[in-house]
Amino acid sequence: MANQPTLRLNDGRRMPQMGAGMWMVPDEVAARVVTDALDAGFRLIDGAAVYGNEKGLGRGIRETDIPRDEIFVTTKLWNDAQGYDAALARFDESMDRLGLDYVDLYLIHWPMPSRDLYVETWKALIRLREDGRVRSIGVSNFHPAHLDRLITETGVTPALNQIELHPSLPQVDLRAHNDRLGIVTQSWTPLGQGHVFASPVVLDIATRLGASAAQVVLRWHLQNGLSVIPKSTRPERLRENFAALDLELSDEDMAALNGLDSGHRTGPDPETFALM
Ligand code: NAD
């Protein structure tokens with residue numbers, strides 16, 4: 001993880017600030033995308049059981065010459081396996097597909113408050129960390145009340161909360177709550193799946209800096225201290241996105257981008273989402 005910024009997790013481990021997202025990457029090309037992402041410089045790969053590509057992802061990690069301990073692999077537990085025993089069993093299935101000895105980060109994908117199983121599920125993740133099969137544990141799409149309950153009932157604070165976050169949905173309050181608890185915020189759909197590229201504010205800054213719109217938006221995440229996991233299957237875009245690490249935005253540009261909040265959510269609301 002040399003030559004790129006890392007963030008310290010509350011369990012003492014470090015992770016690269018920037019990673020490559022794997023949603024909607026077909027399993028047949030996942031190993032190639034992992035290889036291209038590693039070649040571009042990425043050392044964090046963000047997977048999930050529900051993406052259906054853990055086999056290819058794991059193969060890409062196993063086949064590279066880069067040592068395993070220099071790569072940070074995330075995967076996530078899908079909604080239909082919440083509960084203590086179900087989560088432990090489902091983790092084994094993920095590991096079989098990945099073909100790895102451990103994952104660096106395991107996340108509960110959604111809280112699904114209507115099913116009220118996330119505390120029991122969290123206890124399973126604590127057990128997996130104690131057993132050494134997972135290095136760090138965290139959550140995704142958790143709101144303050146869900147985080148507070150996990151901590152009150154188990155005494156264990158998630159290392160990271162991966163949430164929808166982009167300039168149109170900057171999640172200022174949730175970020176502040178994560179910060180108070182010492183939880184790293186990681187931005188999913190950081191490019192708003194492309195819709196932020198149409199913003200005149202983004203385009204103006206990009207033109208002035210000779211950068212792409214994607215690079216400007218990714219740099220905004222990085223300068224806000226967020227971890228960020230853009231997705232692309234194209235080698236040239238992977239390289240372009242990774243090069244956002246070399247950009248620098250002025251305080252004025254950051255302020256302009258911070259002002260783009262429109263409450264535009266591309267994904268579901270975590271309070272009600274319970275898709276199995
Ligand atoms: P994203 O914001 O990363 O946008 C991806 C889209 O932008 C793709 O269509 C891609 O072709 C395009 N793109 C990427 N780089 C570009 C560039 N340089 N120039 C032009 N276009 C470019 O959206 P995403 O894939 O939804 O999110 C990123 C990752 O976040 C996912 O792959 C996944 O790993 C994670 N995620 C997590 C959750 C969750 O619930 N935890 C939900 C959604 C996504």
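Computed from a predicted model, the values in this text were never measured in an experiment. Position 1 is the first residue of the sequence, and the numbers go up from there. First listed ligand is number 1; within each ligand, the first listed atom is number 1.
In terms of protein heavy-atom proximity, atom 40 (O) of ligand 1 is nearest to Asn141 ND2, 3.0 Å. Of all protein heavy atoms, the one lying nearest to atom 10 (C) of ligand 1 is Lys231 O, 3.5 Å. Protein heavy atom nearest atom 24 (P) of ligand 1, with residue, atom name and distance: Thr189 OG1, 3.7 Å. Nearest protein heavy-atom contact of atom 34 (O) of ligand 1 is Asp46 OD2, 2.6 Å. Scanning all protein heavy atoms for the shortest distance to atom 44 (C) of ligand 1 gives Trp188 CE3, 3.7 Å. For atom 11 (O) of ligand 1, the closest heavy atom belonging to the protein is Arg237 NH1, 3.3 Å. Protein heavy atom at the shortest distance from atom 18 (N) of ligand 1 is Asn241 OD1, 2.8 Å. The protein non-hydrogen atom at the shortest distance from atom 33 (C) of ligand 1 is Tyr51 OH, 3.4 Å.
When non-hydrogen atoms are compared, ligand 1 lies under 4.0 Å from neither the backbone nor the side chain of Thr266. At a 4.0 Å heavy-atom cut-off, ligand 1 does not touch Leu107 at all. If you look at Met22 next to ligand 1, the close heavy atoms, those under 4.0 Å, all belong to the backbone. With a heavy-atom cut-off of 4.0 Å, Gln193 touches ligand 1 through backbone and side chain alike. Counting heavy atoms closer than 4.0 Å to ligand 1, residue Pro190 contributes atoms from both its backbone and its side chain.
A cation-pi arrangement is absent between Arg133 and Tyr106 under the rule of less than 6.0 angstrom and at most 45 degrees off the ring axis.
Under a 4.0 Å criterion applied to the non-hydrogen atoms of Trp110, ligand 1 contributes the atoms 40 (O). Near Phe197, meaning under 4.0 Å from any of its heavy atoms, are these atoms of ligand 1: 20 (C), 21 (N). Each of the following atoms of ligand 1 lies closer than 4.0 Å to a heavy atom of Ile229: 28 (C), 29 (C), 30 (O), 35 (C). Those atoms of ligand 1 that come under 4.0 Å of a heavy atom in Pro230, given as number and element, are 3 (O).
Of the N and O atoms on the side chains of His177 and Asp148, at least one donor lies less than 3.5 Å from an acceptor on the other residue. Residues Gln193 and His195 bring no donor and acceptor atom of their side chains to less than 3.5 Å of each other. Using modelled atom types, one finds a donor on one side chain and an acceptor on the other under 3.5 Å when comparing Arg14 with Thr6.
A donor-acceptor distance shorter than 3.5 angstrom exists from the side chain of Arg219 to the backbone of Leu247, with no hydrogens or angles considered.
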Would Trp23 and Asp46 count as a side-chain hydrogen bond (donor to acceptor under 3.5 Å, both in side chains) here? Give the steps. CA-CA 8 Å; Trp23 184 37; Asp46 182 73; over 6 Å; no
Before giving the answer on side-chain hydrogen bond (donor to acceptor under 3.5 Å, both in side chains), spell out for Asn10 and Thr157 the whole-Å C-alpha distance, their side-chain angles and the decisive distance to 0.1 Å. CA-CA 8 Å; Asn10 59 22; Thr157 304; 5.1 Å; no
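The shortest N or O to N or O distance between Leu191 and ligand 1 is under 3.5 Å.
Here the shortest heavy-atom pairing between Ser212 and Glu240 reads OG-OE2, 2.6 Å.
Under the 4.5 Å side-chain criterion, counting only non-hydrogen atoms from C-beta, Trp220 is in contact with Met254.
Among the candidates Ile229, Ile45, Leu245, Leu44, the single residue satisfying the side-chain contact (heavy atoms from CB on, under 4.5 Å) test with Pro16 is Leu44.
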